[in-house]
Engineer: 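For reference, the structure I am asking about is given below.
Scope of the values below: all heavy atoms of this structure, side chains included, with no hydrogens, waters or symmetry mates. Not measured: the values here are computed from a predicted model.
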Amino acid sequence: MNLIWPGSAYEADDDEVTAKVAAAAQTAAPPPAPAEPAEQPSPAGKEAGPRGGPQPTSAGTLLASKTPGDPTASTAQSEGPPAAAAPAAPPAQADVATPVRGVPVAPVPAWDHVLAGDPPRTSVSADLLASPDPDAAAAAAPLTGWRRAVRIASLGIVRPRPSREARELVADTAAVGVQLAGARTVIVANPKGGGGKTPTVVGLSATYGCVRGGRVLAWDNNETTGTLGVRTFPQRYATTAVDLLRALGHLEGAGVRAGDLAAFVRHQASGHFDVLVSDEDPARMSQIDAAAFARLHDLLTGVYEVLVVDTGNNARSPNFLAAVDVADALVIPLSLKPDSVLSAGRLIDQLRAYGRDDLVEHAVTVISDSGESGQAPADIARWSAFFEETTAAVVHVPFDPHLNVGGPITFDQLAPATRRAYLRAGARVAQVLSARPGQRPGWSTFPLKETNR
């Protein structure tokens, strides 16, 4: 093929040219002068210049002097008659990407795939860091009992597979700590009091707070006077949800921060979560209707990632229905007593009639053992089977004396089996929360790329 070299004109073989390019790239020095081929006449329109000695070139000159459209072309210098410079290639257009073979390709703006709803591009470097084994974390679960003894005795050479309980613990902890696409609201609902509603709120909030490191709020949304303030520890200020409602005029639209709410919520050191309690005056609590709840919820979701709402005992009250409207997940607490079970069944019917079949389908039932059921085993089995069939999961919380004291609950003082049950329930709820799209305008179709971990 005929090539025009800066300073010379002759015919070069493709293999010879390729060898020269490789040698120049490796040594970053002028290549040895090749054997001079038979001199060829210059192409039409080109005049051969006088013969001259070899001229030194640099890597930058090599890259800048490639013949347009031929990736194998080189600019290595050689003895021979210099030729007139080849006509310069037209400058590349700024809005056209030119690949290796010189075929112009129209550029694709970085956000076109977002606007079109296409999946985001895959990053090669991110794929290299992604774990190919989804069970890798579970396999690294801590060893206990005889498994730990075997590993110590073998100086780490033998590492038995972690027990099923250890693998499930790692998996549930990872599920609770999963990254969410936005703030999420969990309602804990059963119109019958005494079914373990408030302890379940505290247990779930503390579980999320410990695993996620905070930004969790337990909210008492009782239409009269709730007991969440009784089952959690008081703080310096006796403020309630009504006080926060009255302060909304100063907080809304001002870019509220967590510190702005410090005087209205009660932080719980055991569990790393905050509490927004209901007012002790039923008349004041009546101010929180559906519109007031919506305003409070909009403010709080700008500060907290997870809201666990303790609903009241009236499934028809405006603030109860307002909580149902914004709920991402439902937890149904109950004790194995006829009145608690019947109330939970009626709630399911009401939610379906209200158009929230999705909440029921993905609900998590938490059955707390109060230690005084006294029900026949056949009844307990029948009730459990109903909720296992109707809701997504059923979690049993064992009897714990600390939950029955009636006073503030210290999460760290619960029995390990009780904390483990709340972690299991929290993991089932988190699976529902992580599947929900973002709620802010325009986020429902925002394509978030998940890593392969």
Engineer: Which distance, rounded to the nearest 0.5 Å, do you find between the CG of Leu296 and the CG of Leu251?
Structural biologist: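 One gets 10.0 Å once the value is rounded to the nearest 0.5 Å.
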Engineer: Indicate the atoms forming the closest heavy-atom contact of Ala329 with Val429, along with that distance.
Structural biologist: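 Heavy atoms of Ala329 and Val429 come nearest at CB-CG1, 4.0 Å.
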Engineer: Go through the structure and list residues passing side chain to side chain contact (heavy atoms under 4.5 Å, CB included) with Pro416, not counting sequence neighbours.
Structural biologist: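 For Pro416, the residues satisfying side chain to side chain contact (heavy atoms under 4.5 Å, CB included) (neighbours in sequence not counted) are Arg419.
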Engineer: Say you draw a straight line from CH2 of Trp219 to OG of Ser205; how long is it, rounded to the nearest 0.5 Å?
Structural biologist: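 With rounding to 0.5 Å, CH2 (Trp219) is 13.0 Å from OG (Ser205).
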Engineer: Hey, does the side chain of Ser278 reach the backbone of Gly226 with a donor-acceptor pair shorter than 3.5 angstrom?
Structural biologist: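 The answer is yes, because a donor-acceptor pair under 3.5 Å joins these two groups.
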Engineer: As an exercise, state the distance from OH of Tyr208 to CG of Leu307, rounded to the nearest 0.5 Å.
Structural biologist: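 If I round to the nearest 0.5 Å, the distance is 12.0 Å.
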Engineer: Provide the closest heavy-atom pair for Val188 versus Pro333 in the form atom of the first, atom of the second, distance.
Structural biologist: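 Heavy atoms of Val188 and Pro333 come nearest at CG1-CG, 3.6 Å.
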Engineer: Can you list every side chain to side chain donor-acceptor pair (under 3.5 Å) pair that touches residues 281-293, not counting sequence neighbours?
Structural biologist: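 Counting only pairs at least two positions apart or across chains, the side chain to side chain donor-acceptor pair (under 3.5 Å) contacts touching residues 281-293 are Asp243-Arg284, Asp279-Arg284.
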Engineer: Less than 4.5 Å apart, any side-chain heavy atom of Val324 and any of Thr311?
Structural biologist: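 Side chain of Val324 against side chain of Thr311, heavy atoms only: no contact under 4.5 Å found.
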Engineer: Quick check for you: to the nearest 0.5 Å, what is the distance between Asp310 atom CG and Arg231 atom CZ?
Structural biologist: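 The CZ atom of Arg231 is 11.0 Å from CG of Asp310, to the nearest 0.5 Å.
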Engineer: Compare all side-chain heavy atoms of Phe293 with those of Asp325 and state whether any distance is below 4.5 angstrom.
Structural biologist: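 SC-SC contact between Phe293 and Asp325 ruled out.
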Engineer: Only counting residues at least two apart or in another chain, list the ones meeting side chain to side chain donor-acceptor pair (under 3.5 Å) with Asp274.
Structural biologist: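 In terms of side chain to side chain donor-acceptor pair (under 3.5 Å), with neighbours along the sequence ignored, Asp274 is linked to His267, Tyr304.
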Engineer: Would you name the heavy atoms of Leu330 and Ala189 that are closest together and state the gap between them?
Structural biologist: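 Heavy atoms of Leu330 and Ala189 come nearest at CD1-CB, 4.1 Å.
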Engineer: For Thr200, what residues pass the side chain to side chain donor-acceptor pair (under 3.5 Å) criterion, not counting sequence neighbours?
Structural biologist: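 Per chain and number, Thr200 pairs via side chain to side chain donor-acceptor pair (under 3.5 Å) with no residue.
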Engineer: Please indicate whether Tyr237 has more than 12 foreign heavy atoms, meaning atoms of other residues, nucleotides or ligands, lying under 6.0 Å from its OH.
Structural biologist: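 Not buried by this count: 12 neighbours or fewer within 6.0 Å.
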Engineer: List the steps, then state whether side chain to side chain contact (heavy atoms under 4.5 Å, CB included) holds for Asp369 with Leu336.
Structural biologist: CA-CA 7 Å; Asp369 185 358; Leu336 291 175; over 6 Å; no
Engineer: Would you say that Phe386 contacts Ser384 through its side chain, given a criterion of any heavy-atom pair below 4.5 Å between the two side chains?
Structural biologist: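 Sidechains of Ser384 and Phe386: no contact.
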Engineer: Check step by step if side chain to side chain contact (heavy atoms under 4.5 Å, CB included) holds for Ser368 and Leu403.
Structural biologist: CA-CA 10 Å; Ser368 299; Leu403 293 177; over 6 Å; no
Engineer: Applying side chain to side chain donor-acceptor pair (under 3.5 Å), name anything that partners Arg356, two or more places apart in sequence or on another chain.
Structural biologist: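 In terms of side chain to side chain donor-acceptor pair (under 3.5 Å), with neighbours along the sequence ignored, Arg356 is linked to Asp358.
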Engineer: Charged N to carboxylate O under 4.0 angstrom, Arg382 versus Asp379?
Structural biologist: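 Looking at Asp379 together with Arg382, the answer is yes, because their closest N to O distance falls below 4.0 Å.
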Engineer: Go through the structure and list residues passing salt bridge (charged side-chain N to carboxylate O under 4.0 Å, His left out) with Arg246, not counting sequence neighbours.
Structural biologist: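 Here no residue qualifies.
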Engineer: What verdict does the side chain to side chain donor-acceptor pair (under 3.5 Å) test give for Asp412 and Thr410, after you've listed the backbone C-alpha separation in whole Å, the side-chain angles of each residue and the deciding distance to 0.1 Å?
Structural biologist: CA-CA 6 Å; Asp412 296 335; Thr410 303; over 6 Å; no
Engineer: Report yes if the side chains of Val216 and His272 come closer than 4.5 Å at any heavy-atom pair, otherwise no.
Structural biologist: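 In short, these two side chains do not touch, never coming nearer than 4.5 Å.
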Engineer: Between Thr390 and Val360, does the side chain to side chain contact (heavy atoms under 4.5 Å, CB included) criterion hold? Intermediate values first, please.
Structural biologist: CA-CA 7 Å; Thr390 305; Val360 175; 4.1 Å; yes
Engineer: Examine distances only and state if a side-chain atom of Ser434 and a backbone atom of Leu180 form a donor-acceptor pair shorter than 3.5 Å.
Structural biologist: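 Flag not set: sc Ser434 to bb Leu180 has no pair under 3.5 Å.
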Engineer: Excluding sequence neighbours, so at least two apart, what forms salt bridge (charged side-chain N to carboxylate O under 4.0 Å, His left out) with Asp400?
Structural biologist: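 Partners of Asp400 under the salt bridge (charged side-chain N to carboxylate O under 4.0 Å, His left out) test: none.
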Engineer: Can you name the nearest heavy-atom pair linking Arg266 to Ala238, along with the distance?
Structural biologist: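 The answer is NH2-CA, 4.0 Å.
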Engineer: Are Ile288 and Val242 close enough that some pair of their side-chain heavy atoms sits under 4.5 Å apart?
Structural biologist: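 Yes - at least one pair of side-chain heavy atoms lies under 4.5 Å apart.
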Engineer: Name all residues meeting the side chain to side chain donor-acceptor pair (under 3.5 Å) criterion together with Arg164; count only those two or more places apart in sequence or in a different chain, and write none if there are none.
Structural biologist: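 Side chain to side chain donor-acceptor pair (under 3.5 Å) check on Arg164 returns Glu168.
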Engineer: Got a sec: does the CD of Gln431 have more than 12 other heavy atoms crowding it under 6.0 Å?
Structural biologist: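 Yes, CD of Gln431 has more than 12 neighbouring heavy atoms, counting only those of other groups under 6.0 Å.
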Engineer: Determine whether a donor-acceptor pair (N or O, by modelled atom type, separation under 3.5 Å) exists between the side chain of Glu252 and the backbone of Leu299.
Structural biologist: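 Not at all, since once roles are kept as given, no pair shorter than 3.5 Å links the two residues.
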Engineer: To the nearest 0.5 Å, what is the distance between CD1 on Ile332 and OG1 on Thr365?
Structural biologist: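 One gets 4.5 Å once the value is rounded to the nearest 0.5 Å.
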Engineer: Does Arg184 use its side chain to pair, donor to acceptor, with the backbone of Leu433 at less than 3.5 Å?
Structural biologist: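 Answer holds: yes.
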Engineer: Who are the side chain to side chain contact (heavy atoms under 4.5 Å, CB included) partners of Ala206, not counting sequence neighbours?
Structural biologist: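 Ala206 satisfies side chain to side chain contact (heavy atoms under 4.5 Å, CB included) with Phe273, Phe411 only.
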Engineer: Where is the tightest heavy-atom contact between Ala263 and Thr239, given as atom of each residue plus distance?
Structural biologist: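 So the two residues come closest at O-OG1, 2.5 Å.
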Engineer: Using the rule given for side chain to side chain contact (heavy atoms under 4.5 Å, CB included), can you reason through Met285 versus Thr224, listing the C-alpha separation, both sets of side-chain angles and the distance that settles it, and then say yes or no?
Structural biologist: CA-CA 6 Å; Met285 278 302 298; Thr224 54; 5.8 Å; no
Engineer: Kindly compute the distance separating OG1 (Thr391) from NE2 (His362), expressed to the nearest 0.5 Å.
Structural biologist: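 Answer for the OG1-NE2 pair, Thr391 versus His362, is 11.5 Å.
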Engineer: Is a side-chain N or O of Asp260 found less than 3.5 angstrom from the main chain of Arg257, in a donor-acceptor match?
Structural biologist: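 Yes.
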Engineer: Taking atom CD as the centre, does Gln179 end up with more than 12 heavy-atom neighbours from other residues, nucleotides or ligands that are less than 6.0 angstrom away?
Structural biologist: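 No, not enclosed.
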Engineer: So, the side chain of Thr227 versus the backbone of Val230: is there a donor-acceptor pair under 3.5 Å, distance only?
Structural biologist: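 Not a single qualifying donor-acceptor pair exists.
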Engineer: Would you list the atom pairs, donor with acceptor, under 3.5 Å between side chains in residues 315-322 and any protein atom, with sequence neighbours excluded?
Structural biologist:
unit_1: Ser317; atom_1: OG; unit_2: Asn314; atom_2: O; d: 3.0
unit_1: Ser317; atom_1: OG; unit_2: Asn319; atom_2: OD1; d: 2.9
unit_1: Ser317; atom_1: OG; unit_2: Phe320; atom_2: N; d: 3.4
unit_1: Asn319; atom_1: ND2; unit_2: Asn221; atom_2: O; d: 2.9
unit_1: Asn319; atom_1: ND2; unit_2: Asn221; atom_2: OD1; d: 3.4

Engineer: Write out all pairs satisfying salt bridge (Lys or Arg N to Asp or Glu O under 4.0 Å) with one or both partners inside residues 203-229, taking only residues at least two apart or from two chains.
Structural biologist: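 Salt bridge (Lys or Arg N to Asp or Glu O under 4.0 Å) check on residues 203-229 returns Arg212-Glu305, Arg215-Glu305.
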Engineer: In residues 339-350, what donor-acceptor pairs under 3.5 Å come from side-chain atoms, sequence neighbours left out?
Structural biologist:
unit_1: Ser340; atom_1: OG; unit_2: Ser335; atom_2: N; d: 3.1
unit_1: Ser343; atom_1: OG; unit_2: Asn190; atom_2: OD1; d: 2.8
unit_1: Ser343; atom_1: OG; unit_2: Lys192; atom_2: N; d: 3.0

Engineer: What closest approach, in Å, do Leu245 and Ala292 show between heavy atoms, and which atom pair accounts for it?
Structural biologist: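 Scanning both residues, the minimum pair turns out to be CD1-CB, 3.7 Å.
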Engineer: Only one of Val275, Leu244, Leu217 forms a side-chain contact (heavy atoms from CB on, under 4.5 Å) with Val265, so which one is it?
Structural biologist: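 Output: one option passes, namely Leu217.
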